[in-house]
Amino acid sequence: MGLSPVRQKSWIAPVSIAIAGVLLSSLAFWMAKEADDERVRTILELRSEWRARDLEAKIRLAGNAVENIAIAMTVADSLDPDQFTRLATRASRGLDHVNSLQWAPRIPRDQIPALEQRARSLGLKDFQVFDVTPDFQRTSLSDRPEYFPVLFDERPHGERRVLGLALGKYEGRRIPMERARDEGAPVATLPVRPVGPAAGELVYLLFWPVYDTTDVPEAVDDRRAHLRGYAIGNYNLAALITAAMPNTPELIESLHFSIAKEHQENAAESASVVYSLATKRAEVRSEGTALPAQPAVRLTRDFNVFGQHWDLTFDYPAPAVASLRSSSPWVWLLAGLSLTAVLVLYLWRETGRTRAIEALVHARTAELRHTSEQLHQAQKMEAIGNLTGGMAHDFNNLLSVVIGNLDLLQDRVKSDPEAMALSESALQASMRGAELTRQLLAFARRQPLAPSVVDLNELVAGMTRLLERILEENIEVVLNTGQDVWPVLIDPAQLSAAIANLATNARDAMPKGGRLTIETKNAHLDADYVALNPEVDAGDYVLLEVSDTGTGMSPETLSQVFEPFFTTKEVGRGTGLGLSMVFGFVKQSKGHIKIYSELGHGTIVRLYLPRGAQRPVAAAAAAEAMPAYAANESILVVEDDGEVRRIVTKQIAELGYTVIEAQNPKEALALLKDPQVRIDLLFTDLVMPGGMNGHELARAAIAERPGLRALFTSGYSDSSLRGDERLREDEHFLSKPYRKQDLARKLEQIFSQ
């Protein structure tokens, strides 16, 4: 008896579904595995790039400590061991990988006894200059025309071991020293063994040349003749590498470093180093030793720093790569045999997630490349914005005209919603244009930071004591610390370096002496300020202001101050990275920086640092409300810029006051001497051409009309004006640019007193 047609065909559906399920599941498994492989590859690419840039940034950060020593030794005639210890302790604060900071003066052979006697008089008992053998055993001096013995050796960890060691006997240290001397720039060695019988892990030496002149000589022969010695940084290579890793994912790869000189004309020096994950030690591989067998994934990165070229090889073994893989393809393969539809949804989700990860990785990698090139391409865009910021005082006048006209326009179109919206859009656009510089500087240098809650007054006081020794004797350092200044959340070492950079720039701007003023106070950036500065968030900040009475900068120079490698100094006197590094540090710390300068009137740099303990800030009620003061007074406006004068007089007239205008002090005095002209208030710019400034005009006006009120304005803040332009506490001041409502409130305040 045969099977019925229904029984005969009942297997077709199950078999068809099974076949279709197997095929679809197999296809889904293959696609998921490909997507997972791509995801793992992008993760490894990101890890390698991240590690390379963190290591580069850590090496550059470590160089700051040596630079501080070099600056101090350049300007100091002599230091005793205690002074050097305090200097080195501050310079190496937060850098656990610093073995020591040293000073090695240049000493001719016939002056060795005098140096030894001087060192002993400083309290360095049994100080004696010596050489070492190739296996680091102490020996007597070899015959050389000059020596570089270690006079000071401050070690944060361990005892001093190399006082008196004459550096430069062997090529490993001599060639980098000679190259640093001739180039006038810091140069690092290859990984070397430390000196001493118990030579431990490899060290990395950085030689920073110091000359007996403040400026680096231009010619090579002059550099050789005027070399004073070397500031030296001795770094634990394994600790340096380890310090670069905390901000990156957990290590799962082997790290191989091939380090060679960027230029090979002096010698074919190079070193291949492997960093062991198990021992956390860096060891030199034998010459000619090849890399291990090809791992599951091998990626390479490279960078140049302090005259050395680093080639990094990242080996990811199969178990490490497998640990990153997802088990979902197998799970979904099994689930897909019965749930094909669910498998398809999974693939869609996995594909979308993989694409999102890939997009994120590409974006992060592109950003890291920008920072690794030392603000190369990104700073081209940044320089365009700086041209706008560099217009300084003239730009403030222009901005006053634009905003003032728009304020007046809004008063006239309040009944027209469409026109009001258009004028508001134009007003917001003009205010955003004023801050184009900071928007274009969003891609500043990025580096690993160690933020902590810092007492800014205490840090500045400590820095001031150091700066008094670094700066010239004819420069007065004035410290004005505010009362109850909030703590700041900042990296103290980087902030100290930023202050040192600003002080160095100020010193160079005051060749004949002057005054360096450092002020601290609490600051609140409200919605109005944020509208003009969209890259900063409203809230509480702590203001650190560094100002000088130096030569100032022209608009052309000011437009490029944050551009990397831009400098007004002669060739060889500076790298041009100081202000760009300050800018990058402040931005990365979620702070804000402003700089203002004009030829003959000094420079002001304002750093708005994030408050350590944030608290909610109540919104200001009716901040834009216009004063209701019934004005009937007469105001004399003195402004040399015609456009600014026109808009200011119009604003004052619309506030209900009688306005009389003059374009210079001469015209103003003529009006003041006319008894038929009623004048209740003198509103004058402080900085004007023609030989008479605003203060001098006000004194002459009050002598002519006793009891006359005065209101001053300027593109500078009242705390940064110099000499006869500085304001007393009882004088009224309105900083440019200002809004109409700001002017109204100030006038009401004056006339209501």
Side-chain angles (χ1 to χ4, degrees), residues 67-68 71-77 213-216 390 392-393 459-482 495-521 543-558 560-562 566-570 573-574 576 578-579 582 593-607 686-689 691 693-696 712 714-729 733 735:
E67 183 179 16
N68 287 338
I71 292 173
M73 300 311 299
T74 299
V75 300
D77 293 333
T213 59
T214 303
D215 303 326
V216 177
H393 186 267
L459 185 143
V460 169
M463 282 295 298
T464 302
R465 290 190 291 271
L466 175 61
L467 293 176
E468 288 176 343
R469 295 193 294 269
I470 294 178
L471 298 175
E472 304 291 346
E473 292 182 356
N474 57 0
I475 296 178
E476 176 189 6
V477 178
V478 178
L479 177 60
N480 295 329
T481 55
L495 181 56
S496 297
I499 296 174
N501 271 318
L502 296 176
T504 301
N505 286 346
R507 178 200 64 195
D508 295 340
M510 298 184 288
K512 296 182 180 180
R515 182 176 65 254
L516 174 67
T517 303
I518 302 177
E519 299 184 41
T520 63
K521 58 185 176 181
L543 174 61
L544 171 64
E545 183 176 285
V546 180
S547 60
D548 64 67
T549 59
T551 57
M553 292 179 280
S554 66
E556 294 77 16
T557 300
L558 191 64
Q560 304 177 72
V561 291
F562 291 136
F566 170 77
T567 178
T568 58
K569 302 174 186 177
E570 299 175 359
R573 292 187 56 190
L579 280 177
V582 174
I593 181 171
K594 290 286 286 185
I595 183 168
Y596 184 74
S597 183
E598 190 170 322
L599 285 175
H601 293 278
T603 299
I604 309 163
V605 181
R606 296 186 180 100
L607 307 182
L686 276 169
V687 181
M688 292 185 293
N693 61 36
H695 254 149
E696 293 168 339
F712 301 100
S714 175
Y716 291 94
S717 69
D718 55 350
S719 64
S720 61
L721 296 166
R722 54 180 288 174
D724 190 50
E725 299 167 357
R726 292 185 67 85
L727 297 170
R728 301 192 308 270
E729 291 184 359
F733 178 79
S735 179

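Every value quoted in this text rests on a predicted model; they were computed, and no experiment measured them.
One finds the CD atom of E519 at 9.5 Å from the CG atom of L544 (value rounded to the nearest 0.5 Å). If you take CD1 on I604 and OG1 on T517, they are separated by 10.0 Å, rounding to the nearest 0.5 Å. Here the CG atom belonging to L471 is positioned 7.0 Å from the OG1 atom belonging to T504, to the nearest 0.5 angstrom. Between the CE atom in M510 and the CG atom in N505 there is a gap of 10.5 Å [rounded to 0.5 Å]. In this structure, R507 CZ and D548 CG are separated by 12.5 Å, a value rounded to the nearest 0.5 Å.
In terms of the side-chain contact (heavy atoms from CB on, under 4.5 Å) criterion, residue partners of S496 (sequence neighbours excluded) are, by chain and number, L459, M463.
In plain terms, the two heavy atoms of T603 and S597 that are nearest each other are OG1-OG, 2.8 Å. Scanning both residues, L686 and H695, for their nearest heavy atoms gives CD2-N, 4.0 Å. Looking at every heavy atom in both residues, A506 comes nearest to L516 through CB-CD1, 3.7 Å. Heavy-atom minimum distance, T520 versus T481: OG1-CA, 3.2 Å. Across all their heavy atoms, R606 and E545 have their closest contact at NE-OE1, 2.7 Å. Taking all atoms of both residues into account, the shortest heavy-atom contact from N480 to V478 is OD1-CG1, 3.7 Å.
In this structure a side-chain-to-backbone donor-acceptor pair under 3.5 Å is missing from T549 to G514.
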